[in-house]
J.: 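I have a structure here, written as structure tokens, and I will follow up with some questions on it.
Residue numbers start from 1 in every chain, and the chains themselves are labelled A, B, ... in the order their sequence lines are given, proteins ahead of strands.
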There are 2 protein chains.
Amino acid sequence: MITAVQSLDHTPRHAISEVAAVSGLTAHTLRWYERIGLLDPVDRSHSGQRRYCDADLSRLAFLGKLRLTGMSVADMLRYVELARAGDQTMEARRELLVAHREEVRQKIADLHATLAVLDYKIDIYSGKKHSA
Amino acid sequence: MITAVQSLDHTPRHAISEVAAVSGLTAHTLRWYERIGLLDPVDRSHSGQRRYCDADLSRLAFLGKLRLTGMSVADMLRYVELARAGDQTMEARRELLVAHREEVRQKIADLHATLAVLDYKIDIYSGKKHSA
DNA sequence: GGCTTGCTTGGAGTGCACTCCAACTCAGTA
DNA sequence: TACTGAGTTGGAGTGCACTCCAAGCAAGCC
């Protein structure tokens with residue numbers, strides 16, 4: 001889950017390989033997310049290597065969840081840009097999340113329907129002789 | 001849902017536009033599915049136009065469900081080819097479906113987890129002042 | 001007959017989300 | 001100092017699942 005937002009450490013200290021390991025994204029994808037603006041420019045070490053802070057990890061975890069549910073990168077970008085624009089976009093962000101929540105609920109319903117069909121088919125394969 | 005498999009009408013009578021309407025797939029996609037072998041060659045009218053039978057519709061409905069749950073076209077093809085190969089592949093087909101059912105269950109669990117995160121965020125936007 | 005609508009084809013094109021490449025730098029160990 | 005391994009870049013490439021295109025044919029209607 002997500003930890004309390006206001007207590008996040010902004011000390012830059014996680015190397016890209018480390019972040020790749022915990023986020024499930026590849027280093028390639030992390031750089032790409034930053035390039036397209038999903039992540040703010042990440043802090044660098046004196047030699048230019050990325051050092052992610054806990055706030056980055058937290059945003060990444062949230063984006064990862066959105067991504068898992070099938071939100072497009074374009075929509076994620078829209079959300080992030082709203083967040084960057086400041087407090088006056090809070091209502092818009094809320095609406096975006098509410099709309100997405102509806103989609104997720106719908107998707108869950110669809111999956112349950114499919115599950116029923118799969119159960120039915122598997123029963124046929126397990127017990128009887130008819131197939132399609 | 002699916003109707004009893006053995007009672008399906010094989011009279012070819014549905015035009016492609018009709019099938020597109022009921023299946024939710026476009027005519028383009030229907031032709032493409034046939035071309036790659038997801039559908040057996042569809043019957044034709046005397047002038048060469050496709051005429052789908054109820055068995056085609058039923059298979060399409062099933063494939064549509066699989067597709068909805070994120071099964072790749074390649075895996076769907078694998079299933080269809082097993083079905084074409086005859087009764088001795090029934091166990092393999094069953095295994096394929098069981099494995100996919102597990103994936104669907106996992107996906108549902110993931111979606112529920114995301115739903116919780118969304119609820120949490122939306123609560124923040126609705127009530128308090130903190131954001132991320 | 002002329003027009004519209006719906007269908008046909010193979011092959012090319014599209015959009016998304018990565019994913020890889022070549023050439024390079026830098027840090028750490030032997 | 002040499003080597004190894006992890007990191008850097010922009011731009012090109014990949015794989016998937018469509019999606020469209022051009023050119024043409026057939027049927028139905030005025």
J.: Assign B/Ala15 to base, sugar-phosphate, or nothing according to its heavy-atom contacts below 4.0 angstrom with the strands shown.
T.: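 Since only primed, P, OP1 and OP2 atoms lie under 4.0 Å of B/Ala15, the category is sugar-phosphate.
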
J.: Whole angstroms only, please: what is the CD-C1' distance between A/Glu18 and D/dA6?
T.: 13 Å

J.: May I ask you to evaluate whether B/Arg44 reaches the phosphate of C/dT9, defined as a side-chain N or O under 4.0 Å from OP1 or OP2?
T.: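 Result: yes.
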
J.: Only counting residues at least two apart or in another chain, list the ones meeting salt bridge (Lys or Arg N to Asp or Glu O under 4.0 Å) with A/Arg94.
T.: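 Partners of A/Arg94 by the salt bridge (Lys or Arg N to Asp or Glu O under 4.0 Å) criterion, ordered by chain and then number, come out as A/Glu91.
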
J.: Could I get the full list of side-chain hydrogen bond (donor to acceptor under 3.5 Å, both in side chains) partners for B/Arg44, not counting sequence neighbours?
T.: none

J.: Under the side-chain hydrogen bond (donor to acceptor under 3.5 Å, both in side chains) rule, what do B/Arg93 and A/Tyr125 come out as? Steps first, then yes or no, please.
T.: CA-CA 8 Å; B/Arg93 275 179 274 162; A/Tyr125 281 125; 3.0 Å; yes

J.: Which whole-number value in Å describes the distance from A/Arg51 CZ to D/dT8 C1'?
T.: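 Computing the A/Arg51:CZ to D/dT8:C1' distance gives 12 Å.
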
J.: Whole Å only: how far is the CG atom of A/Leu38 from the P atom of C/dC16?
T.: 14 Å

J.: If we ignore angles and hydrogens, is there a donor and acceptor under 3.5 Å between the side chains of B/Asp75 and B/His100?
T.: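 No donor-acceptor contact under 3.5 Å links the two side chains.
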
J.: Quick one, B/Asp54 with B/His14, criterion side-chain hydrogen bond (donor to acceptor under 3.5 Å, both in side chains). Give me CA distance, side-chain angles, the key distance, then yes/no.
T.: CA-CA 8 Å; B/Asp54 288 352; B/His14 308 289; 2.7 Å; yes

J.: Ignoring backbone atoms, test whether A/Arg31 places a side-chain nitrogen or oxygen under 4.0 Å from the OP1 or OP2 oxygen of D/dT8.
T.: yes

J.: Within the 4.0 Å limit for protein heavy atoms, which parts of nucleotides 17-30 of chain C are touched? Write it as a string from 5' to 3', B for base, S for sugar-phosphate only, - for none.
T.: SBBB-----SS---

J.: Are A/Tyr120 and B/Phe62 an aromatic pair, judged by ring center distance below 6.0 Å?
T.: no

